[in-house]
Every structure is written in structure tokens, then in C-alpha cells.
Amino acid sequence: MTLEQLLADTKPALLEIQQRDLTDIKQAKDWQSKYRVLMQLGKKLPAIPEKMKQPELLVKGCESRAWLLHYHDKTADRHYFVLDSEARIVKGLMAIMLCLVNGMTTAELCKFDLCHSFDQLNLKPYLSQSRGNGLTAMAERIKACCPAK
Amino acid sequence: MTLEQLLADTKPALLEIQQRDLTDIKQAKDWQSKYRVLMQLGKKLPAIPEKMKQPELLVKGCESRAWLLHYHDKTADRHYFVLDSEARIVKGLMAIMLCLVNGMTTAELCKFDLCHSFDQLNLKPYLSQSRGNGLTAMAERIKACCPAK
Amino acid sequence: MTGFDVQQFRQHFAFFQQQPDWVYLDNAATMHKPDAVIDAVSAFYQRHNSNVHRGAHRLSQQATAQFEQARATVAGYINARNNHEVIFTSGATAALNQIAFGLMHTVLQPGDRILLTQLEHHANIVPWQLHCQRYGIIIDVVPLTAEHQLDMVAYQQLLQLKPKVVSFSHISNVLGHIQPVAEMVRQAKAAGAITVIDGAQGIVYQPADMQQLDCDFYVFSGHKLYGPTGIGVLYGKSQWLETLTPIFAGGEMIDSVSFINTTFNKLPFRLEAGTPNIAGAIGLSAAIDWLQNYNIAQIIEHKLLLLKAFYSGLSAIKGIDILSLPVHNAGIVALNVDGQHPADVAELLNQQHIAVRAGQHCAMPLFSYLAQHNSAQHGAVRCSFAAYNTLDEVNRCLLALEQAVEILTA
Amino acid sequence: MTGFDVQQFRQHFAFFQQQPDWVYLDNAATMHKPDAVIDAVSAFYQRHNSNVHRGAHRLSQQATAQFEQARATVAGYINARNNHEVIFTSGATAALNQIAFGLMHTVLQPGDRILLTQLEHHANIVPWQLHCQRYGIIIDVVPLTAEHQLDMVAYQQLLQLKPKVVSFSHISNVLGHIQPVAEMVRQAKAAGAITVIDGAQGIVYQPADMQQLDCDFYVFSGHKLYGPTGIGVLYGKSQWLETLTPIFAGGEMIDSVSFINTTFNKLPFRLEAGTPNIAGAIGLSAAIDWLQNYNIAQIIEHKLLLLKAFYSGLSAIKGIDILSLPVHNAGIVALNVDGQHPADVAELLNQQHIAVRAGQHCAMPLFSYLAQHNSAQHGAVRCSFAAYNTLDEVNRCLLALEQAVEILTA
Ligand SMILES: Cc1ncc(COP(=O)(O)O)c(C=O)c1O
Ligand SMILES: Cc1ncc(COP(=O)(O)O)c(C=O)c1O
């Protein structure tokens, strides 16, 4: 498996999430339905093969591990990511994060406010300052791909 | 100067304090009068000569230094003390302490409640748990001359 | 039926009125504080605030008296021989670091051995590791039996290697298992070792009696014993406290300072550099005073009832893998839902306002052992019960767990 | 006339209502706490109490958010470049010990030199001494001028010995003199040294700007800045914090633990082992938030007024020997009554409900210097003023001092 393949496999998954699941989540009547959707999201993303999970890709969250691969298409100035997590709910939430930022230009990525977007999806509580579920750490890692001023 | 001499010089001073000054202190109308008496007490005790102030005699109080010499007359089972302090008020208070315990037998010393006696002289606040003025430390050191059970 | 009135007990905690929706089962991480503790801290600041051991004035003398009274209260609670055997630290972690650092050179020499166990909290592993590596001291580790108990046969064998120090926890913070500490201390002493007990969880279950246990060191944190954060206790026998090299140097702990030479003050001051957490110590002693209004045997019985109800409820839920044994358990249960990541289970409980913790609980070596035998390679969900928890809360947790399993395995 | 309303300011302190008889001039030892701080600590325990960085549940996430917000507040107050440059410790003493311990081996090698000054608090002397002696590092000391100021000519000369570390206090806790820290940092950096500032007294006088000062480390205690006991701040530039060997090892500060190998977590966690003083950090940030309602320039002006009144009153009392200079003074005055022991003077002030401190104020090397030149062989009486002190209190102190002199010299 190569990074190109992973990126290629991720794309349609994100598209599906964006077009179908996000609305489902936003409109979920109760938390159970929301979580049922969330747990499906993770499954749609391709898993990063074990041997590609290099230590430097590990995003440190306290209670579950996650990995992030970043690819910057310099010609078109587009940022692409692949991610994986041991925990399903976290992976689902991270998949949403990915939907929001995948393919962004550097400028877009830099000014992107993840917290705000999560808020609109009624998911804000997940982006607390806690490192508990690794979600904030993932958000920080994605933001860190944005070159320093 | 020898220990014998110091002990001999201390005795009449303590007698005078006991007979006159303690009553004055107990009956002092205001704090100023009480302190005027206290400060005289220290002067009545002979000073321990500098070269006798061995480090092991130093009683560690935080803010002023004091020294204690102990002599146990084993034949008569009587405890005698000499003390000195840099600070006058502390020395005065220690002189009172000395009046109360000098010449006690081991049994008397062991069961002696200094706090209670100070209370009766309206001096209790000075025997707080603070090491500030070294008074409590001095009381502990005197008590420590009482052999462990 | 116990004589313990949990509803009356609960009324002392403002937290439960403030957060009525929550079932708090993360007690092994930190406990809630009764009003008596919160009030004691506030009252100190409002009425008696002053620095200690320094004052030429009565305010400071009163603050010092309160602080030293707090020391006496702790010393009384653990039946120390002397008040100065109680050293206030910022927590159990700080206390264990002080011990490990303080024994290097003074007691431990290159080539010496120390003995730990497989189920220690990181706070009782990493301090030893860091210093031992540097000084060339060898660490041995007591393994576990198939039931996740300490292997006492192996323990005896390892003691024959003559470790100079043996350090182990009173109660495992992951499994809740109560270790046979009295027996372990006895054997370690017979082998000539200095004994250190990590009582962070142990002191919460039951007051430990230092003269009876006769260990050399015992440490715990205030915040796990109904007390404030930022305060902990390092108990040590005078002889060993005198031996420790202070990890912190500063104000009150020295006797005289020049640029040529510095001499240390006596105990407890030599190990308490700088302004201590005065309000923290006073809060901890308020916690102990308050706790002593209750009968500890009744509290233990109450917690046992909760534990029994929890275990029996768990047995009715499919696919639950329980890592903790119900016997000799202080009220901590580690579990997993088969094939599910503990973070997912905990998150679904969180959605239902059940507060538990998931992960490796700062005990990675334990989990690397458990992973070989169980569904525990990602850690576990930990439900830890306190005296203020109710049977109703146990049931709410069980229902929530059922719901979580349903969603996860749908 | 300043725009600062001291009576309004004072109303925020329950202490003054509780102890109306007292004039508290021991502010350099510890300060009183405004209601905002006491309430923030209570509110945390009542509503949000949970452990941080660990929770799989929202209560813990909220506690973590509050704790990290406290870090951000402190970072903002001192204008740090990054929140993770603020490490919470148990106090200034702990912070200085972490720096001294953490630089050994990693930066300081046998034969290296460090530079301190004659007027440091023991907390900025003894930690260096202990480690330096062990590792064979040489300590140089900047002497004082006849006016008890740092000798800046000698400082420049000592910098030519190329010390790897220069550590000095922002404001002397005995004399109150404000050091020329900006200039000292500039010169030390030009000489290639790492700069450490003991800001225990400095931060109380004025918020320090880390980006402007550009020192490598700056430390202070919460309890001297209207905050709780048991909390302190170690500011460091990321690069240097990364370099420090942690003095405490334990729970959150490591990344992975096995009995073979342990790796550290990133900043700030690698230097914050164990459960931190959560309520303490929240209380400190409440103090800073509250303080920012006031104009610091007006507070400085108010304190200057008090100082002027005090000095002018002192000049009318016979036999007073003042050790502190009135210029560049942060509001701390050390003095003696000719030929009298400072403990006697302080005790007579205490009788009149004036709270001051007497002794060597944890700065024995300074006093061994002062003793050669002054009536200071037994230390000094220290009157330290805070924003909440009033002109009336200054006058009460002066009257009490006059009374004390009268009794002592009768
Ligand atoms: C200049 C200075 N440095 C360090 C300290 C030590 O502070 P703490 O006792 O809060 O650790 C103090 C306070 O006593 C101080 O005044
Ligand atoms: C067994 C055990 N030891 C040590 C600790 C460390 O305690 P603290 O974080 O309060 O320093 C804990 C708590 O996390 C614990 O459960």
C-alpha cells in the first residue's frame, strides 16, 4: 500500500461522509443515533497498514492512539491527510475533521476554525482542551501542517 | 568561668525573679509594664561566656539564637540549667521557664506541664507551636533532658 | 443492611447538588471534597492566612500552629510514632520521587538491587528507573499470577537477591486488589530491605497503622482522600527520613547558609523546602477529622455491597471481560467489552453521564502483562466506587453499560 | 493623589474584616487573598472537581479546560510566547530546584561556572550549591556596593569568566531594591549565559514581560501574588524547558513506560509529573484576572506614597538604622533599632498588632555582608507594604515603632 493509494481510497469515503453522514449527524434525534452514525464513519475510511504506522506519525492522545499522514501537493497548493485510530468513535470524529480540511490550500488551512465548524455540527464538546481522546491533539497536528508565519 | 560558677550565679537571680518579678508580671496593668519587667529579667541572669557557647548547646529558634547548658546532680537527682539568648524579651521569657524547672527531680521534670504554668502567668501565647522565637524549642530541649521511658 | 447512611454522607458534598445528572465513578483518579474541607481552606485564607515558621507575629504563629496541628492529625491518623515523621509534599508522586532520589548514594550504591512489582503505578516505577539507570542499580520486578495477583512465591525468591529497597502499592489503582502488605513487609524486612508502600489508593480504603505495618515509608495524596489538590504525605521512620538527601533545597530546610557551606535543619523541615501548601495541609487534616465521624468498617461494608451489586449486574451483560477479582477488592473494577476499545465504551458511558476512566491508568507495565492474557491490549475501562456512591448509581452504571454494549455491537 | 481607591480594593479581602485589629506588613512573606480567589477555589471543588488530562468523561475534560485556561492566563500575564512555556510547580522554591537540577549534565559540566549574587534568597542559592558541589561546578557571587546595590562593575568582570548560567532576583526580598534586570539579562546574554530570574518578589511589584525581558527562565510563587499556597510558576523558553532533566517522574509526564525503557511526554507535561495542584492553578489565575481590573501604574504610585510616608516618619524616630534605600524600592524596608535585637523590636510591634518579620529572611549571605557594615549582625526587622495597605496603617506602624523604641531604650 502506498500513500497515493491511501489518499485515493480516502477521497471517495470523505465525499460520502460529507454528502450523507454529516447531515445525518446534524439531524440525529437522539445521542444513540448520532453515535451509531459516528461509528460507521470510521469504518468507511481505509485503515493505515500496520507497517506504515511509523512512530513519528503517532498523534499522542492519552487514552487511544491515532496516526496522521500528511501530503502537500505543492503545485496545486493542496493539503491531503490520511488518518487512523484504534478507537472507533474517535476515528469517526476525526473522519469528520478530515472531511472539513482535506484538499484545502495553505491559506484556507491556516485560517480554518475547527472549533467553529464542530460547533455547527453540535460536536463542539469533543474539541475541549482535554487530551483525553486525542481529538484536540489531532486538530493541533493538522494545524501544525500550516507553515509558521 | 566554669559551669559551677554559672550555676552558682544563676541561683540567686532565679530566686529574685521567683520572689519578685513573677508577681509583677502577673499583676502588670498593661502590656508595656509587663514587657519592661520581662526585659529586666534577662539582665539578671549571668551571660554564658562566648567561648562556652558550643554549637551543640545552640537551641535553634528561627529568629534569634539561644543556648542551654544542663547539669544533672545525680546524687540528689536534681536538674539545673543555665541559658542565654541574643534577644532580651526571649531571654526574659526563658528566665521564667528556668525559674519553674530549675532544681526539679527527674520525675518532676517529666510530668511538668510548661504550657499550663505559662498559662497561669498569662504568658501562654508565647508557647505556641511556632519556632519563631525559639521559646518552644527551648521548652522541648529542657524536656528532652528527661530520660526516655 | 449496613449502619452507614449514604444519603446523609452524600449531603456533605456540594458537588452532588451541583452536578445532579452525573454518576461519578472515577474516584480512583480523584475524590470529591466534603464541605468541611472546602470551608476549612476558605476559613484559613479568610481568617488566618500568614506564612508559617517565620513569623515574629501572632498571625504567623497561629498559622504555624494550625499547620503543625494538621501534621499531628495526619500523624495520628496513620499512627506514626512522631509528628515529624509526617512530611508534607505536593502529592504521592512528589513523595515517591523524594524517596527514590534521597536513597541514591546514601543507601543505594552501584550494583545494588531494588524490587518493584508488575502492577505499580508509573509514579512508583519511573522515579526509580531514572535514578537507578544513572547510578547503575538493578531493578527486579515481582510478576503476577494468572489471577492478576502478585506471585508471592516469586516475591520470596526475588527477596533472596537481597534488594536494598522493596517498593509496592498497597492497592492496585487499576485492579483494586488489596495486596498482602503486612506479609510483604514482614518478608522484606526479614530479607533486610527498606520497605516503601505506595498508599495512594490504600489510605482511601482504610487508615494504615504505621506502627503495626512497620514499613519504613508510606506515601499518599490528599486529593484522593477527600482533601485538596497539591498536598501529599511522605511518612517515614525518623531514621530513614534523616538519611534521605533532600530533593528540594531552599528557605526553611536549612540551618545556616553561606557561599562556603550550608547545614540542614532538623525534621520535618529539612525535607520541606520553601513555603509549604499551608491551606492544602489544613484542608487534608479537615478531611481526616471529618472522616473520623464515620465508622470505617461500615464504610467498607457499604462499598462491598456496591461491589457485589456491580459484579452481579455485570454477569448479566454479554461480552464483558472483567480483569479485577471480586475478592480482596477495594472497590475498583477494570473491565472491557469484548473486542471493543475501552475509549469507545467510556465515551458511550460519558454520553450517559457516567464518569469512568479508560486507558492504561498510568500502569503500562501492568497492561503489557495483561495484554498477553486478555482483551486488554488497549487498556481497560475502570469503574471505581467511593463511600458516597449509591446502589442506585451502580444500577445506572450497569444500565448505561448495557446500552453501550448494544450500540457497540449493533 | 492617585486614582487608586485603596478602601474599595481592601473590601475584596475578607481577612481585613476578620482581623480588624491587625496591621499586616508581612506581605513579602505571603499576601492575603481576595474573595475572587477564595471563591474560585471553592467553586472548582463544588462544581468541577475532577482529575485533569486523564478523563474519558466531560467532568474531567472541563477540569482540564479550566486548568489549561489557568495556564493561558498566566502565560498571557507574563507575555510568554507559548502557553506550554508556563510550567506549574508547587512554588518558586520548587521551580528553582527544577532548574538547577535540570541543567546539571545537560548544560552544566564539571569545571563550568555559574554566577549568583550576594543578595539572593536561600531558594536561589542552596539548590545550586547542592548540585554544583556534587558535580564540580564553580559558583561566583556578585558583591554589593556600599549602598547595598549590586556592584555592576564587578558583574561585568565576573561575566568575563564565562558563566554558563546567571541567576539573580528581580527584587530583593530583604531590601526591596529593584535590580536592573533588563540590563543584567542583556549583559549576561552578550556573555553567552543562560539567564534565570527569581521573580518571587518581582512579579508582585509589576507584571514581567518575558518577550521584552528575554530571559531564559523566570519563576514565582502564587501565594505572594494574591494566590493560593502550593502553586508556583516556572517560565522557561521552550528550548530550555526541553533541555531540563525532570526532577519529578511519574504519571502524565511520560509517554510510554516499560521496565526496559521510558520516554517523556511533550511540554508542559514532561515537567509536571503526577496530579497537579489543579485548584491552586485555578486560584492563581483568578488572582491574575482579578488584579487586571486595576491599573498597575496606579498601584505602584499608591505603594510609593506609603513608602514615602514611612521613610519620612522613620526619620523622626531616634536610633533607627535603615538598610533599604528609598529609591528603586518596591515597598520593602529593612531596618533596625540601634543596639537592639530585631526579634525584640518585632515582638513589641506584635504586641501592638503590627505584623512584621524579623531575622535574616532566608538571606544569610546578604546579612553576613551587611553585618560588616551595619547594626545588622542579628538580621533586621522587615516592613513590607502591599497595595491594600493604607496611609493610616503606615502611621500606626510608625507610632508602634516609636513606642517600641521607648520601651527598649528606657
Ligand atoms: C526572592 C525570593 N525568592 C524565593 C522565595 C521562595 O518562595 P517560596 O517559599 O514561595 O517557594 C521567596 C519567598 O520567600 C523570595 O522572597
Ligand atoms: C497507586 C497510585 N500511586 C501513585 C499515584 C500518583 O498520585 P498523584 O498523581 O496524586 O501524585 C496514584 C494516582 O494516580 C495511584 O493510584
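Values in this document were obtained by computation on a predicted structure and should not be read as measured data. Note on naming: letters A, B, ... go to the chains in the order of the sequence lines (proteins, then strands), and numbering restarts at 1 for each one.
In this structure, the side chain of D/Gln19 does not engage the main chain of C/His48 through any donor-acceptor pair within 3.5 Å. C/Asn49 places a side-chain N or O within 3.5 Å of a backbone atom of D/Met31 that can act as its donor or acceptor partner. Here the side chain of C/Thr93 pairs no donor or acceptor atom with the backbone of D/Ala273 at under 3.5 angstrom.
Counting heavy atoms from C-beta on, the side chains of C/Ile278 and D/His223 never come closer than 4.5 Å. D/Phe15 places none of its side-chain heavy atoms less than 4.5 Å from the side chain of C/Gln46. Inter-residue side-chain proximity for D/Asn51 and C/Asp26 is flagged as unmet; no heavy-atom pair is nearer than 4.5 Å. In this structure, C/Arg58 and D/His353 have side chains that are in contact, with non-hydrogen atoms separated by less than 4.5 Å. Side-chain contact between D/Tyr45 and C/Thr229 is present, with heavy atoms from C-beta onward closer than 4.5 Å.
D/His57 contributes atom NE2, which lies 11.5 Å from atom CD of C/Glu347 (distance to the nearest 0.5 angstrom).
Among D/Ser90, D/Gly91, D/Pro228, the residue with the largest count of heavy-atom pairs under 4.5 Å with chain C is D/Pro228. Your options are C/Ile38, C/Asp39, C/Val381, C/Leu59, and the one with the most heavy-atom pairs under 4.5 Å with chain D is C/Leu59. Chain D forms more heavy-atom pairs under 4.5 Å with one residue of C/Ser368, C/Ala355, C/Ala363 than with any other, namely C/Ala355. Interface check for chain C: of the options D/Ala249, D/Gly230, D/Pro127, D/Pro246, the most heavy-atom pairs under 4.5 Å are formed by D/Ala249. The candidate from C/Ala279, C/Ala123, C/Pro365 with the greatest count of non-hydrogen atom pairs under 4.5 Å with chain D is C/Pro365. Heavy-atom pairs under 4.5 Å with chain D were tallied for C/Val126, C/Asn97, C/Leu349; the largest tally goes to C/Asn97. Comparing D/Ser42, D/Gly222, D/Ala346 by heavy-atom pairs within less than 4.5 Å of chain C, the highest count is held by D/Ser42. Chain D forms more heavy-atom pairs under 4.5 Å with one residue of C/Gly250, C/Ala100, C/Gly280 than with any other, namely C/Gly250. The choice from D/Ile247, D/Ile139, D/Leu96, D/Leu130 that makes the most heavy-atom pairs within less than 4.5 Å of chain C is D/Ile247. Each of D/Gln133, D/Gln129, D/Gln98 has some count of heavy-atom pairs under 4.5 Å with chain C, and the biggest count is that of D/Gln129. Heavy-atom pairs under 4.5 Å with chain C were tallied for D/Ala92, D/Ala94, D/Ala281; the largest tally goes to D/Ala94.
In this structure, the portions of D/His32 lying under 4.5 Å from any heavy atom of chain C include both its backbone and its side chain. Only the side chain of D/Phe264 comes within less than 4.5 Å of a heavy atom of chain C; its backbone N, CA, C and O stay farther away. Heavy atoms closer than 4.5 Å to chain D are found in the side chain of C/Trp22, but not in its backbone. There is no contact between D/Gln17 and chain C, counting heavy-atom distances below 4.5 Å. With a 4.5 angstrom heavy-atom cutoff, D/Arg134 touches chain C only via side-chain atoms. D/Thr245 touches chain C through its side chain: at least one heavy atom from C-beta onward sits under 4.5 Å away, while N, CA, C and O do not. Contact annotation for D/Tyr24: only side-chain heavy atoms (C-beta onward) come within less than 4.5 Å of a heavy atom of chain C. When heavy atoms are compared at a cutoff of 4.5 Å, D/Phe16 does not approach chain C at all.
Taking the six-membered ring for Trp and the full ring otherwise, C/Phe248 and D/Phe248 have centroids separated by under 6.0 Å.
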Between C/Thr275 and D/Thr30, does the side chain to side chain contact (heavy atoms under 4.5 Å, CB included) criterion hold? Intermediate values first, please.
CA-CA 9 Å; C/Thr275 302; D/Thr30 200; 5.7 Å; no
